[in-house]
Amino acid sequence: MTENPNHHFRTRAIHVGQDRDPQTGAIVPPIHVASTFVQPGAGDWGKFDYSRSGNPTRAAFEATLASLEGGVGGLAFASGMAATHCATMILSSGDHILAGADIYGGTFRLLHKVVNQAGIHVSLAPSTNLAAFEAAIKPSTKLIWVESPGNPLMSITDIAAVAEIAHRHGALLGVDSTFASPVLTRPLELGADIVMHSATKYIGGHSDLLGGALVVRDKALRDRLYFFQNATGAVMGPWECFLASRGLKTLDLRVREQSKTALLLAQWLERDARINRVLYPGLPDHPGHSIAARQMDGAFGAMLTFEVKGDFQKTKRVCQATQLFQLAVSLGAVESLIEQPASMSHASYDPAARAAHGITDGLIRLSVGLEAFEDLRADLDQALNA
Ligand SMILES: *Cc1c(COP(=O)(O)O)cnc(C)c1O
């Protein structure tokens with residue numbers, strides 16, 4: 001269906017790019033598994049020729065996501081890391097990339113152990129402190145990369161303000177918007193040039209696919225990134241594209257419902273004597289609350305972190321004592337997950353770096369799923385006595 005810009009997010013999530021099959025009338029487009037496509041003539045290229053370069057099932061997912069993010073085009077990858085890696089390919093030797101301090105651990109590793117090998121300079125600065133962040137920009141800075149909310153402290157970066165700073169210094173802004181999802185934040189509308197998603201998380205939403213995506217505002221940048229995607233080949237497979245498209249259809253409902261439960265849990269935890277502090281952008285005392293209220297569309301996400309009163313071992317026991325919250329990294333799915341950043345998602349940081357980032361031993365990160373609030377609360381309540 002051609003996009004109707006007047007249609008709301010939920011409507012576009014179901015209809016844009018998801019045409020019925022013209023041959024059979026099937027309401028769900030078929031999954032195209034073909035690796036190659038017959039050409040009209042030697043040297044004539046049809047719409048599709050080879051599945052790395054383009055695939056109808058992938059094109060459908062990319063069209064829907066591009067519409068939801070307000071971009072000119074989307075590119076789907078085999079994983080979120082493949083998508084982020086592709087974004088860094090616009091840099092050349094001698095260029096500098098400045099990233100926010102609260103970035104995903106895999107992105108930290110990619111920048112410091114892979115991207116730097118191509119002669120690209122990497123540095124990190126706190127993107128929540130605009131003056132300090134701007135001061136870290138160099139004449140050679142070509143790409144700025146931030147995440148909001150950040151992991152695991154749920155730090156909020158003012159994307160519109162960082163976009164203005166980036167452009168004033170001649171750099172592009174990329175935003176890893178995995179935690180917010182396109183439902184709650186649309187970075188391209190705020191001035192960012194590239195938005196990245198780990199589709200493994202909210203977009204897939206059911207813990208059953210690995211994928212990533214980039215969406216961009218500018219056609220020339222889209223074409224450049226497409227060139228790198230096709231040249232390096234880490235594309236999303238057709239089965240994952242089908243699952244990701246299916247995930248988008250219920251994304252708005254899932255994210256809003258999960259966010260509602262997360263807010264209720266945050267408010268309950270905040271009053272509990274066994275808890276030191278709760279980090280959730282929806283709470284008025286969170287340092288990023290007022291920016292989040294402006295930047296996030298009607299809800300504050302379904303990720304929350306809290307600190308128990310107790311040491312490393314006590315925190316570990318709490319994480320192991322839940323029944324509904326399952327002990328696992330990853331996030332964004334219908335199943336609620338629990339993890340201890342110090343021993344799991346951020347274990348690769350050395351203890352001094354963890355302390356510098358405010359990642360204490362007592363922190364617990366929740367990915368709130370779609371289960372009933374009362375059941376999740378009861379589960380945490382019993383686990384906190386462990
Ligand atoms: C999971 C995640 C990634 C990496 O995505 P993969 O699909 O695991 O490669 C990047 N950024 C954030 C914020 C994530 O949560």
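Only this structure's heavy atoms are used, side chains among them; waters, hydrogens and symmetry mates stay out. Numbering of ligands and ligand atoms starts at 1, following listing order.
- Of the N and O atoms on the side chains of N4 and H15, not one donor lies less than 3.5 Å from an acceptor on the other residue.
- Not a single side chain to side chain donor-acceptor pair (under 3.5 Å) links D49 to another residue, sequence neighbours left out.
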Provide, line by line, the atom pairs where ligand 1 and the protein bring an N/O atom each to a distance under 3.5 Å; else say none.
| unit_1 | atom_1 | unit_2 | atom_2 | d |
| --- | --- | --- | --- | --- |
| ligand 1 | 5 (O) | S198 | OG | 3.0 |
| ligand 1 | 7 (O) | G80 | N | 2.9 |
| ligand 1 | 7 (O) | S198 | OG | 2.8 |
| ligand 1 | 7 (O) | T200 | OG1 | 2.7 |
| ligand 1 | 9 (O) | G80 | N | 3.0 |
| ligand 1 | 9 (O) | M81 | N | 2.9 |
| ligand 1 | 11 (N) | D176 | OD2 | 2.6 |
| ligand 1 | 15 (O) | K201 | NZ | 2.8 |

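- Residue pairs meeting the ring-ring contact (aromatic ring centres under 6.0 Å, His included) criterion with at least one partner in residues 70-106, sequence neighbours excluded, are absent.
- The shortest non-hydrogen separation linking S155 to S148 is O-OG, 4.1 Å.
- With contacts defined as side-chain heavy-atom distances shorter than 4.5 Å, the pair T322/L327 does not qualify.
- With sequence neighbours left out, the salt bridge (charged side-chain N to carboxylate O under 4.0 Å, His left out) criterion links D272 to R274.
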